[in-house]
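Letters go in sequence order (proteins before strands), and every chain restarts at 1.
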Protein chains: 2
Amino acid sequence: MEDIKEKLSPTMEDYLEIISSICKENKVARIGEIAKKMEVRNPSVNAAMKFLCEKELVHHEKYGFVSLTNKGQKIASEIQDKHDVLYKFLTEILWIDKRIADKDACEMEHAISKHTFTRLIKFFKFLEEGLVCCRPKLLQNFETYLKTGERVKCNCKKQE
Amino acid sequence: MEDIKEKLSPTMEDYLEIISSICKENKVARIGEIAKKMEVRNPSVNAAMKFLCEKELVHHEKYGFVSLTNKGQKIASEIQDKHDVLYKFLTEILWIDKRIADKDACEMEHAISKHTFTRLIKFFKFLEEGLVCCRPKLLQNFETYLKTGERVKCNCKKQE
DNA sequence: TATAAATGTTAGTAAAGCCTAACATTTATA
DNA sequence: TATAAATGTTAGGCTTTACTAACATTTATA
């Protein structure tokens, strides 16, 4: 049976993502640290934790630490995965500057569907296994093209 | 001198985009029609038009038609362009189903930076001009790969 | 251990976007 | 042209997500 998924807002997704990243570093997250990373004030975090507690996505007791439930961790990972794939696409295929790529990925991770996400992964797999002769050059050539405007000729012969 | 750009919310961007598309068909847009396409009620549209009037992005007089100012039209076009490029990427490169692609593009158009937008256009230009021998096959091969799992061999010889 | 500093919570407020219900205007028709 | 139907507006309320100011608890230190 499927979870009746009430879609989370981008904001709440960001909270989960940030809590997850803090917990990876420090085991647990504190209200103040979440606030700093989210660039909001403590009371906003409190309100969000109340909401996420009710949805059973985080654990939080008064004056205590915050941590993710299994359900919360699962969602956080999904968003992080979307972020990573988008970041990879932006930096390794479009050759976007890392700063901008990270910012764009942060926005787009909330917009991209699961379908497109898995398709992007397949696209990477396809490119990695690639065509026999020219494949590895294609994306490198794009980088050269961006820098110089020059197009590198494929170094193989047409067969017929 | 640059406009001090107060970034519009995705919602307001959607209003501009929809007004633009209605005006293309009917010359002018009416409140009720905007409401229908935005899937909201009339009073929500009224409130949005008040906001957009103050920002000088639309014209609207009581009980009258709605139309875009030049500034409003410019923004609407920018968003539409982002939508179109994303849609093209999703359908022509990732081979995503048109329905899903349109939905994803609608979300992502608000998230993608100008920088990434122009880079995507360059990417298309690069692919279209392409490598001499194998290029046109690459993306078609991806489609085959998605359907059959089979990888089509490049039909040219390595040169050395 | 008593007090100061750091941290967290509660209460009340605001802006963005949505809603319904009631009212106003415009357009179409008898 | 008087009235009905269609369309648009105003008023008031709700949710989300943020804020500040005041208060509570925990931790660190004299």
Provide, to the nearest angstrom, the distance between the CZ atom belonging to B:Arg41 and the P atom belonging to C:dT20.
-> 4 Å
Do the side-chain N or O atoms of A:Asn46 get closer than 4.0 angstrom to the phosphate oxygens (OP1, OP2) of C:dG8?
-> no
Intra- and inter-strand pairing of DNA chain D, written as dot-bracket with Watson-Crick and G-U pairs under 3.5 Å and | for the latter, reads ||||||||||||||||||||||||||||||
Please state how far atom CZ in A:Arg30 lies from atom P in C:dT9, giving the value in whole angstrom units.
-> 12 Å
Select base, sugar-phosphate, or nothing to describe what B:Met49 touches, counting heavy atoms under 4.0 Å on all strands.
-> nothing
Nearest-nucleotide wise, let me know which of B:Ser44 and B:Phe51 is further upstream toward the 5' end of DNA chain C.
-> B:Phe51
With a non-hydrogen cut-off below 4.0 angstrom, is B:Thr11 in contact with a base, only sugar-phosphate, or nothing?
-> sugar-phosphate
Rounded to whole angstroms, how far apart are CG on A:Asn42 and C1' on D:dA18?
-> 13 Å
What residues form a side chain to side chain donor-acceptor pair (under 3.5 Å) with B:Lys122, not counting sequence neighbours?
-> none
Residue met sooner reading DNA chain D from 5', once A:Lys62 and A:Tyr15 are mapped to nucleotides = A:Tyr15
Find the distance A:Ile31:CD1 to D:dT26:C1' and express it as a whole number of Å.
-> 14 Å
Would you mind reading off the distance between B:Glu33 atom CD and D:dT7 atom P, rounded to a whole angstrom?
-> 10 Å
Nearest-Å distance, CD (A:Glu54) to P (D:dT15)?
-> 13 Å
Would you check if there is a donor-acceptor pair between the side chains of B:Thr69 and B:Gln73 at a distance under 3.5 Å?
-> no
Can you tell me how far the CD1 atom of A:Ile96 sits from the OG1 atom of A:Thr91, to the nearest 0.5 Å?
-> 9.0 Å
Do any pairs count as a ring pair (Phe, Tyr, Trp, His ring centres under 6.0 Å) and have a residue in residues 35-89 of chain B, sequence neighbours left out, and if so which ones?
-> A:Phe89-B:Phe89
Between NZ of A:Lys50 and C1' of C:dT9 the distance, given in whole Å, is 13 Å
Are there more than 12 heavy atoms of other residues, nucleotides or ligands under 6.0 Å from atom NZ of A:Lys36?
-> no
Does the side chain of B:Tyr15 come within less than 4.5 Å of B:Val40's, by heavy atoms?
-> yes
B:Tyr63 OH - D:dA5 P separation (whole Å) | 19 Å
Verify the distance criterion only: is there a donor paired with an acceptor across the side chains of A:Asp14 and A:His110 at less than 3.5 Å?
-> yes
Tell me which nucleotide among D:dT17, D:dT9, D:dC19 gets nearest to the side chain of A:Met12.
-> D:dT17
Determine the contact category for B:Phe65: base if any of its heavy atoms lies under 4.0 Å from a base atom, sugar-phosphate if only primed atoms, P, OP1 or OP2 are that close, otherwise nothing.
-> nothing
